[in-house]
Amino acid sequence: MKRNILPLVGLVVGIGLIIMAMSQNSTLINYFDGPSLVITFFGSFSAILISFPLNTLKKVPALLKKLMFTPDDDRAALLDNLTELAKKSRTQGILAIEEDIKELNNPVLIHGLEMVVDGTDVDTIEEILNVELNQTEDRHSIGQEVFLKWGEFAPAFGMIGTLIGLIAMLGDLQDPSLIGTGMATALLTTFYGSFLANMVFLPIAKNLEMQTANELKTNEMIIEGVLALQRGDNPRVMEQKLQSFLSNADQKEASKAKGNPVPATEEL
Amino acid sequence: MKRNILPLVGLVVGIGLIIMAMSQNSTLINYFDGPSLVITFFGSFSAILISFPLNTLKKVPALLKKLMFTPDDDRAALLDNLTELAKKSRTQGILAIEEDIKELNNPVLIHGLEMVVDGTDVDTIEEILNVELNQTEDRHSIGQEVFLKWGEFAPAFGMIGTLIGLIAMLGDLQDPSLIGTGMATALLTTFYGSFLANMVFLPIAKNLEMQTANELKTNEMIIEGVLALQRGDNPRVMEQKLQSFLSNADQKEASKAKGNPVPATEEL
Amino acid sequence: MKRNILPLVGLVVGIGLIIMAMSQNSTLINYFDGPSLVITFFGSFSAILISFPLNTLKKVPALLKKLMFTPDDDRAALLDNLTELAKKSRTQGILAIEEDIKELNNPVLIHGLEMVVDGTDVDTIEEILNVELNQTEDRHSIGQEVFLKWGEFAPAFGMIGTLIGLIAMLGDLQDPSLIGTGMATALLTTFYGSFLANMVFLPIAKNLEMQTANELKTNEMIIEGVLALQRGDNPRVMEQKLQSFLSNADQKEASKAKGNPVPATEEL
Amino acid sequence: MKRNILPLVGLVVGIGLIIMAMSQNSTLINYFDGPSLVITFFGSFSAILISFPLNTLKKVPALLKKLMFTPDDDRAALLDNLTELAKKSRTQGILAIEEDIKELNNPVLIHGLEMVVDGTDVDTIEEILNVELNQTEDRHSIGQEVFLKWGEFAPAFGMIGTLIGLIAMLGDLQDPSLIGTGMATALLTTFYGSFLANMVFLPIAKNLEMQTANELKTNEMIIEGVLALQRGDNPRVMEQKLQSFLSNADQKEASKAKGNPVPATEEL
Amino acid sequence: MKRNILPLVGLVVGIGLIIMAMSQNSTLINYFDGPSLVITFFGSFSAILISFPLNTLKKVPALLKKLMFTPDDDRAALLDNLTELAKKSRTQGILAIEEDIKELNNPVLIHGLEMVVDGTDVDTIEEILNVELNQTEDRHSIGQEVFLKWGEFAPAFGMIGTLIGLIAMLGDLQDPSLIGTGMATALLTTFYGSFLANMVFLPIAKNLEMQTANELKTNEMIIEGVLALQRGDNPRVMEQKLQSFLSNADQKEASKAKGNPVPATEEL
């Protein structure tokens, strides 16, 4: 796990720009209104409470931690690991890798290799790892859905807040000089809803989606490698197959380091 | 079936916040208008009457009950049940589990095991259970669709109501002092439509969608287990396969309880 | 074919509510404007003329008839029919059912059984019936698409009408007292477009979609049954398989009537 | 190829209705503004230039020709053709149909039959024809995408034009009597964008989509027929299979003409 | 790689038209406001920073280069290449093509042929090339997603900017003569957001999507050809199969050049 500060940078810069725009147009204090913030944030959150079961919502804090830390799914290192294990298993027998498993830290890889060492047959390993892959995807996609849905409800509750303000203002127009202030306050919830959705919830949902896709690709690579190991494939052929999972930049580095020719995936 | 109060909490908190916002902006009475509520709620409901057959709509009350009660699909307990049955069937023969079936309460599991005891062949069991799975999904998704559609029609009828009010007001502008009140009343239906959609119908649709997904996963696990039982798979292998259907927290608890190593699905 | 009055009830109630809302806000006559209705209805219809071939559009009147009459796809009765035929075919030979075919009225069932009696092989029957299933789905989905598209074009032409009115009004503001009336008239097309889409076209599209889904499920059940008959499956096994296509309520009734145990599809 | 005037009728009627609405609200000349039309039409077209490669855009004029001419994919005639060829090939050998190929004009059918006569094996024929089918679909869908995308960009550029007009007007409010005219001009681009999208681009996109679907179905029928011919299937069985591709009306006519019983696809 | 100026032409023409519209309505300077541009462009970019990992964003500049240069995926030339290689391999043995590989420049083709020469078995080649195909698609689609997402965030931040301006203006209406200018400035961010999305980000996203689709089709053709080579298929049959990947215009040219009959894919 290494610290990933990009999302934090994005959030700080984005909020900074918005505060700058506010202070340029008026004094900041005019943009803050407690009740408006409460109706937009907690109103949309109450719709989230209806939409998702408690088990799902409990996972949200853990997901937020994920935003700040990227898992070390260095696929180039993984390729090296798997190739080494394949060579060792070829020369010293499959049981020789038992020791190495303890030094790994990717749980899917560990589970797969344990099954290989246990002599589980190749179809069962494939089935179990694939079910785990699907379950991981399901669990992750639920996290994305919470933020995606919140990103839909927030502007909706912003609009509801604005309608409440507008109806009050229009129903009582005795002092026309207050129309402007009434409208301004009414629009605050629309502003909060739009801000929360586009600066916070929707980017988080996309971030989680990208992380899931990345993790799934790593796991697919692991499954491919574990199965090759179990079948006793030629380590060279396995390496060639797994290399396709690397991005180009990684492939080139890996190749340079070993003096291999650059593999034939296209530039970008 | 255990009581699930989260949706009720969400609804109460959400409505509470909206009432708070109303009373802060004006007196509550200004936000209630019988005819506006009727056109938004029953107008959109009449579009639902055209859209769905009577058989489908009859299921709506039962669906609402589902919102309040979560089925006990405790997959960890299910895993234990199935593992016990597999062990018993291994040692005492398949007929020995006939007694245990009576104590179960999941209808899909009961049906599957009955077929196993009856000696139905594995392909037929798989086919029948899969058709049931698809039928369950179809029936559930129809329930979601009703609320999803209602969540689309409600704001549309809110807008229709507002247009009716606006046209009346604009067509008769003799007393300009009434414009505000006219607009306020016209906007009420938009407010009701947006409220009904985002606080009630769309969250319910999402809730039902999540429940269906959860139930289908439980049923997939049951089918996997029943087929393993019928094929006489090794109980240990079966357990390993079915564990992938558990969430991580459950897996850890189950493992701790038995002293097994934590299985290799990733920490969320 | 039995009369299905629900869509009519929905339409009458919906239009009634809207008329009520109109007459409460103003006099009804203010909401009717021939040219506005023409531009919204026929304008969007002219876009439909460009979008769909004549063959497709010719089917629209027949589709509207379908809204009023539900086909008798009583799947419980169908299950009885197929089980009876299977038993008869088992005891008296496949040719014995030739007589019974004449009394049936579901054309897919008749076609399938005729092929069985003709001795067509099981793969050919499956292929032909599946192609027919897909063709039926294609034909039906085209009908839905016409109304779905019309439901998109109607509000668009409503907005076009409103823009035409607004541009005229704004371009000639010499008598400010006419602004209100101008705006009111301009908004009429938006109102008509929204009304046509949400009260008429979109609910019809959904209704046809639901009917297609239902019909397809019946036809899938028929295909399953005809193939079981051709293969000479055990009538009891066939009955068990086909029961999964029934909704729960139907299953229970069927079971009670015969004293069978309630099959294991979940409640709801 | 026969002339298909429906799209033209739709376009003429639609534009006629809009002109009628314009002239009823104001004088026609008020709705025409060269620069507004240029920004909406060519602005959105310039976005199309960025979006699609030149090769794709070159096909647009040919696509427009397609709107006016329907290909003669008379599937009933095609069924007759294929059945005749199957009978001839059965009695006189496959080479006997070489002569008949010259009289056909459907290029997919010709290519398929040529391969049959050349003795190409059935798998290769299937593969080649399926690749062609997919390529045809790809090429056609690109055409639809251009118009669909243009139908999205046109209203967007209409809104951009309106914003440009509004900003100019609001920034210079010295003569309030000009506000109306300014607004009217600003709204013209929104009107043009909505008109171009809903009267021209989106209906054309849908029309091309429907034509593609129809053509693909014809080609699927041809592939099915050519493969049956190559395998030497019974002409009667082939006819029965291919009949499923016909619409009901066609099936009935074909049946009447030959005295066959009406096949069992459902009445719409 | 040949220069592709179409996107540049589109951009220049589009911006030219918009500048023309601006200068016609007002003086250009009124449309430029630094802070408004900053909040729209960098605000939406900060949401992008949260949404995507750094690795993905680093690829964006390379993607922009792609817009200006089209890869030479001349599929007609590729067909010739592959056919020549197939003939040579047939007459002189597979090793004879080793020399020719050095003159090629498509990396997928080179990698595939190297594996053929190395004697890698056909299934492994297919698997490796297909994984590479999927990885290429994944990498490319991420590029499209960045611009698609930016095209969604830009108008959202435009609206956020406008709300900030409106709230400031409405909250301080002491000098009504400033309302117009305030509104005008507030609308600038909406204008910038709409402009950036529809003139820049969304067209780029579509362009990248089209390029990916094109490249994938070329790679599919290469895989088909390489596998045919490995299997030692008849060069004539291979040519026939690969021809289906060519567009019609290319097919005709290729056919004319060689005196072959025009293949039977449909005109357009």
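Here is the naming used below: chain letters follow the sequence lines, and residue numbers restart at 1 for every chain.
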Side chain, backbone, both or neither: which part of B/Q240 has a non-hydrogen atom closer than 4.5 Å to chain A?
both

Residues, nucleotides or ligands: over 12 heavy atoms within 6.0 Å of B/L28 CG:
yes

If one checks every heavy atom of B/I18 against chain A at 4.5 Å, the contacting part turns out to be both

Contact check, side chains of B/M20 and A/V38, non-hydrogen atoms, under 4.5 Å
yes

Taking atom CD of B/Q24 as the centre, does the number of heavy atoms from other residues, nucleotides or ligands within less than 6.0 Å exceed 12?
yes

Tell me, side chain or backbone of A/M169 under 4.5 Å from chain B's heavy atoms, or both, or neither?
neither

What part of B/M183 gets closer than 4.5 Å to chain A, counting heavy atoms only: side chain, backbone, both or neither?
both

Between atom CG of A/L163 and atom OH of B/Y192, what is the distance when rounded to the nearest 0.5 Å?
11.5 Å

In terms of heavy-atom pairs under 4.5 Å, which option from B/L17, B/N25, B/N198, B/T181 contacts chain A the most?
B/N198

Please classify the contact between B/F191 and chain A as side chain, backbone, both or neither, with a heavy-atom cut-off of under 4.5 Å.
both

Those residues at least two apart in sequence (or on a different chain) that pass side chain to side chain donor-acceptor pair (under 3.5 Å) with B/S141 are none

B/E220 portion near chain A, given a 4.5 angstrom heavy-atom threshold:
neither

State whether the side chain of B/N207 and the backbone N or O of A/I50 hold a donor-acceptor pair below 3.5 Å, judged by distance alone.
yes

By a 4.5 Å heavy-atom criterion (distance strictly below it), what part of A/L133 contacts chain B: side chain, backbone, both, or neither?
neither

Does any backbone or side-chain atom of B/L188 lie under 4.5 Å from a heavy atom of chain A? Answer side chain, backbone, both or neither.
both

